[in-house]
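Structure, as structure tokens:
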Amino acid sequence: MTLSEHPIPLPAADAETVTPKPPLSKKERMQIQRVEMPEQDAILRAANFREVNLGLTEQLAMLEAERCLECPKPYCIDGCPVRVNIPNFIRHLRDGDMAGAAASLLDDNALPCVTGRVCPQETQCEKVCLRAKTGRSVGIGNLERFVADWALANHAGSGASMSQPDALGKTVAIVGSGPAGLTAAKELAKRGYDVTIFEAFHAAGGVLIYGIPEFRLPKDIVQAEVDRLVESGVKIQANAIIGKTYTLPELRAQFDGVFIAVGAGLPVFMNVPGENFKGVYSANEYLTRVNLMGAWNPVSDTPVLHGQRVVVVGGGNVAMDSVRTAKRLGAASATIVYRRGPEELPARAEEAHHAEQEGVIFEYLTAPIEVLGDENRWVTGIRCVRMALGEPDDSGRRRPEPIEGSEFEVPCDMVVVAIGTKSNPLLTATAPELEINKWGYIVTDENGMTSMPGVFAGGDIVRGAATVILAMGDGKRAAMAMHAYLTPPEPAELPTA
Amino acid sequence: MHHVLVNERLSPNVTRLVIDAQRIAEIRQPGQFVIVHLGPGAERIPLTIADGDREAGTISLVIQAIGKSTADLVEVPVGGTIADVAGPLGRPTELPDHGRVLCVGGGVGTAVILPIAQELKHRGVAVTSIIGGRSREWVILEPDLRACGEVITCTDDGSYGRPGFVTEALKDALAEGGIDEVFAVGPVPMMRAVANLTRPLGVKTTVSLNPIMVDGTGMCGGCRVTINGAIKYACVDGPEFDGHAVDFAELVDRLSTYRPFEQFALERRGACSTTAEDAAAVAAAVAAATTPAGAAR
Ligand SMILES: Cc1cc2nc3c(=O)[nH]c(=O)nc-3n(C[C@H](O)[C@H](O)[C@H](O)COP(=O)(O)OP(=O)(O)OC[C@H]3O[C@@H](n4cnc5c(N)ncnc54)[C@H](O)[C@@H]3O)c2cc1C
Ligand SMILES: Cc1cc2nc3c(=O)[nH]c(=O)nc-3n(C[C@H](O)[C@H](O)[C@H](O)COP(=O)(O)OP(=O)(O)OC[C@H]3O[C@@H](n4cnc5c(N)ncnc54)[C@H](O)[C@@H]3O)c2cc1C
Ligand code: SF4
Ligand code: FES
């Protein structure tokens with residue numbers, strides 16, 4: 001719905017100059033339809049790397065905020081992995097109290113500019129929002145992004161004041177600067193620890209920097225979050241590969257506490273013939289070249305192939321990011337090959353939808369069996385087989401099985417493999433006393449502590465490939481647990497039961 | 001931030017840089033490499049740690065300027081800086097502690113052989129180095145290797161030492177017998193030729209592979225090579241492998257992936273173009289030239 005056809009008088013843009021408006025009734029709120037996120041036109045954006053979602057205006061955000069019913073038992077909070085107090089920040093926003101909204105949001109969520117853009121809200125808070133029962137949920141993610149961007153632009157912080165870094169005289173090492181590491185760093189610095197982040201790459205941010213493309217998560221936003229951390233006293237040591245430059249036991253000896261958040265960085269290949277032909281990339285390599293190394297910009301020294309007909313294998317966010325990147329680098333055709341159906345697509349709904357709008361072709365129920373190449377070993381196509389869904393597997397999803405005789409070829413000159421990642425043994429190999437499971441992921445207790453006392457872990461290296469918000473939740477939980485471990489409350493403060 | 005302390009030309013296109021890198025100098029072992037990144041916009045390039053001084057906290061890199069990134073690197077003057085040096089990466093060389101070993105170095109590969117020869121000598125292993133270059137001025141690090149044992153020098157044009165390729169000198173040395181192991185590092189065709197010579201004799205042969213890399217930590221898979229039919233990542237499983245098990249043809253092929261880009265990068269460097277029009281022109285040219293198979297057929 002556009003603003004002019006709106007049935008309800010709109011809140012004024014400058015809330016301070018208007019007399020308080022009477023609160024709307026529930027019925028009136030129910031009449032307001034969900035505000036759509038303004039986006040760049042699909043044809044234009046498929047040829048540039050600028051952000052697709054343009055963000056709500058203040059007016060639109062305040063209108064959307066009116067849709068929240070302020071449920072006495074807000075389901076949305078239960079749906080959020082880190083339990084952001086959603087109705088609270090929305091209420092401040094609705095009242096035009098941006099600073100209050102920002103303080104409330106930042107108290108619960110260390111990186112709201114990021115999560116407001118990349119969280120799968122449709123399977124979390126928005127899925128269980130009361131309004132979703134009878135229609136469309138409140139646009140919680142869009143509102144989160146609006147408030148977070150306002151806070152960033154206005155240098156507003158959370159209410160919780162930072163104490164002096166190293167006020168406690170205790171040191172913490174954090175390994176990896178993805179969302180789990182950044183969140184833990186922020187929480188521990190806030191509590192007075194002297195925090196050093198060790199990062200293997202030359203730049204901090206993890207997947208937020210090297211994986212998720214600019215058109216979905218602008219890099220200056222991630223950089224601003226990293227800068228804020230550094231300003232608050234957190235040290236970042238780049239080019240430090242734990243397991244190579246230093247070992248985990250060395251860190252353990254030098255720091256009072258260690259938090260491991262190295263992600264699940266190892267690519268998985270398809271294990272089919274032809275996979276080493278020129279023109280076959282892992283999604284990790286493709287996206288790292290384009291994002292971290294800036295290969296989307298032709299004057300960057302790092303090259304990347306500009307496929308004209310590109311096939312991306314996989315159906316998750318990583319596959320969508322790869323295929324949409326290929327489009328933007330000039331691919332005339334860009335196809336997703338996914339072995340299950342549209343219902344099972346693990347990507348965020350918005351991403352798959354945007355990819356479709358941008359002209360990406362989806363071959364569902366299709367699995368690759370061979371990469372084809374010419375005499376110079378350049379990729380010329382990919383041989384696939386159609387699949388049918390059989391009995392449910394361990395994950396509860398129906399297992400795809402090949403249909404005999406259904407083989408066909410998709411001609412292409414570039415293939416990106418985005419079928420998952422696994423744990424990197426680089427760090428764990430240097431710490432035999434660290435317990436890992438059979439997939440190589442680190443085992444932790446419910447507080448995030450590993451089998452090595454004082455060493456905590458979280459994010460993808462514990463869960464396997466998961467989400468930004470779950471990694472952040474782990475970072476926060478481990479920070480609290482580490483604080484309790486390193487700085488137990490004074491006995492006098494304990495309840496005398 | 002790392003400072004260049006020495007910048008010394010060893011041959012017409014090979015330069016030795018000594019840089020400060022305290023931690024890496026302390027723990028590096030023969031066979032390991034670093035990834036160097038000059039600064040924003042630059043490529044990450046893998047380079048073997050040719051030597052190091054633990055006390056001074058420095059490492060030396062021996063660099064052949066063959067493309068834009070290596071050309072930029074060797075031009076950093078003494079006192080200049082390199083933004084990022086990550087490492088030490090890769091597995092250390094598995095070294096014997098007795099016997100007779102041949103170390104074969106071709107071109108800049110001689111720099112990779114040096115730390116291996118040094119450590120072998122330290123362990124009391126008899127080392128003979130066979131090194132070569134196009135002509136006299138292309139032979140590098142001969143005095144350093146002499147300190148580790150006998151050195152046989154070869155030049156293609158016969159202007160210095162033995163005329164011919166290193167493989168011919170190797171053939172003779174092998175014929176004499178008594179060789180327990182061979183280490184060979186150089187251009188891929190040279191390493192392949194060495195492996196082909198030693199295979200029938202059953203002499204253990206280790207080669208150091210130089211596939212294209214990005215991260216150097218196992219996260220991209222770009223450096224994958226085929227060893228005995230199985231995929232290995234050169235950055236974490238190597239870079240040294242059993243020369244008799246390597247699929248050299250695949251390595252040569254994968255190294256050619258970005259040839260058109262490399263050409264444009266060098267031309268762009270020559271022209272020093274930074275304007276938007278130039279960028280657009282490069283983009284168009286690169287896109288046209290790299291429509292991978294399309295343009296070729
Ligand atoms: C392309 C892509 C798109 C995605 N899209 C979404 C999305 O839309 N929404 C969503 O919720 N999730 C998404 N995800 C998943 C999400 O990004 C991850 O779940 C999340 O980043 C995990 O965070 P982390 O902190 O555990 O690890 P990471 O973000 O992986 O960060 C780990 C960091 O540790 C560093 N490191 C690794 N090993 C070492 C070592 N030995 N020493 C030092 N440092 C090391 C790495 O370089 C990296 O910087 C996406 C993932 C990818 C790859
Ligand atoms: C483990 C390892 C150790 C190495 N040690 C040394 C060394 O000690 N001294 C030295 O001079 N060179 C070494 N190399 C090779 C060096 O990394 C490349 O020559 C350099 O990256 C080329 O960059 P360029 O832009 O100058 O050339 P380009 O114009 O990009 O390429 C020229 C040639 O180098 C190859 N190449 C391009 N990019 C890379 C890359 N990222 N990694 C590997 N090869 C690439 C190309 O296939 C091409 O054949 C090593 C490579 C590896 C993998
Ligand atoms: S469940 Fe929906 S309507 Fe209820 S408080 Fe949360 S966002 Fe508002
Ligand atoms: S360089 Fe990326 S995996 Fe080896």
Side-chain angles (χ1 to χ4, degrees), chain A residues 200-203 210 238-241 243-246 263 265-269 271 275-279 281-282 284-289 292-295 297-309 329-330 332 373-374 376-381 412-414 417 421 424-426 429, chain B residues 23-24 27 32 35 37-38 40-44 68-69 72 83-90 214-222 224-226 231 233 236 247 250 253-254 256-258 260-262 264-265 268 273-274 278-287 290-294 296-297:
Chain A
F201 267 128
H202 58 267
Y210 73 71
N239 306 307
I241 303 122
K244 285 290 177 189
T245 317
Y246 304 92
L266 226 61
V268 173
F269 281 94
N271 212 0
E275 206 156 20
N276 291 349
F277 286 159
K278 298 189 293 285
Y281 282 120
S282 74
N284 270 3
E285 180 179 2
Y286 184 58
L287 293 172
T288 301
R289 283 179 178 276
L292 178 72
M293 305 310 297
N297 182 349
V299 298
S300 160
D301 285 349
T302 303
V304 73
L305 296 174
H306 292 48
Q308 287 303 294
R309 288 172 301 174
L329 288 177
D374 64 11
N376 296 316
R377 300 169 55 96
W378 277 109
V379 171
T380 58
C412 62
D413 53 24
M414 192 175 117
V417 183
T421 51
N424 192 333
L426 208 58
Chain B
R23 176 69 184 172
I24 297 170
I27 60 170
Q32 289 191 302
I35 293 226
H37 178 237
L38 254 184
E43 214 173 348
R44 289 169 65 94
K68 160 130 193 338
S69 299
D72 288 347
D84 304 282
V85 178
L89 297 166
V214 181
D215 55 296
T217 62
M219 70 75 77
C220 80
R224 61 196 188 276
V225 290
T226 301
I231 290 187
Y233 291 178
V236 286
D247 183 341
E250 181 183 274
D253 177 61
R254 288 182 60 80
S256 72
T257 304
Y258 299 106
F261 287 86
E262 289 153 6
F264 281 115
R268 193 175 87 229
S273 72
T274 45
D278 287 343
V282 170
V286 163
T290 55
T291 305
R297 274 170 305 120

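The figures here come from the full heavy-atom set of this structure, side chains too, leaving out hydrogens, waters and symmetry mates. Just so we're on the same page: letters track the sequence lines, and every chain starts at 1.
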Report yes or no: does [X] contribute a side-chain atom to a donor-acceptor pair with the main-chain N or O of [Y] at less than 3.5 Å?
X	Y	answer
A:Lys278	B:Tyr258	no
A:Asn284	B:Met219	yes
B:Arg224	A:Glu275	yes

Which heavy atom in A:Ile241 sits nearest to a heavy atom in B:Gly87, and how many Å separate them?
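Where A:Ile241 meets B:Gly87 most closely, the heavy atoms are CD1-N, 4.0 Å.
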For A:Pro267 and B:Gly221, which heavy atoms make the closest approach, and how far apart are they?
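Scanning both residues, the minimum pair turns out to be CG-N, 4.0 Å.
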For B:Thr257 and A:Trp378, what are the C-alpha separation, side-chain angles and deciding distance, and is it a side-chain contact (heavy atoms from CB on, under 4.5 Å)?
CA-CA 9 Å; B:Thr257 304; A:Trp378 277 109; 4.2 Å; yes
With distance as the sole criterion, is a donor-acceptor pair present between the side chains of B:Thr226 and A:Asn276 under 3.5 Å?
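Checked: B:Thr226/A:Asn276 side chains pair up, N/O donor to acceptor below 3.5 Å.
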Roughly how far, to the nearest 0.5 Å, is CZ of B:Arg44 from CG of A:Asn239?
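The CZ atom of B:Arg44 is 6.5 Å from CG of A:Asn239, to the nearest 0.5 Å.
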Starting at CZ of A:Arg289, measure out to CG of B:Asp215 and round the result to the nearest 0.5 Å.
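CG of B:Asp215 is found 10.0 Å from CZ of A:Arg289.
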With side chains defined as the heavy atoms from C-beta onward, is the minimum distance between A:Tyr210 and B:Cys220 less than 4.5 Å?
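No; the side chains remain at least 4.5 Å from each other.
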After noting the C-alpha distance and the side-chain angles of B:His37 and A:Phe201, does the key distance pass the side-chain contact (heavy atoms from CB on, under 4.5 Å) rule?
CA-CA 10 Å; B:His37 178 237; A:Phe201 267 128; over 6 Å; no
For B:Ile24, is it the side chain, the backbone, both or neither that has a heavy atom under 4.5 Å from a heavy atom of chain A?
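Contact with chain A involves no heavy atom of B:Ile24 at all.
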Contacting moiety of B:Ile231, where chain A heavy atoms sit under 4.5 Å
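Contact with chain A is through the side chain of B:Ile231 alone.
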Please flag which part of A:Phe269 lies under 4.5 Å from any non-hydrogen atom of chain B: side chain, backbone, both or neither.
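It is the side chain, since no backbone atom gets that close.
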Heavy-atom pairs under 4.5 Å with chain B, option from A:Thr245, A:Val417, A:Leu266 with the top count:
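Winner by heavy-atom pair count: A:Thr245.
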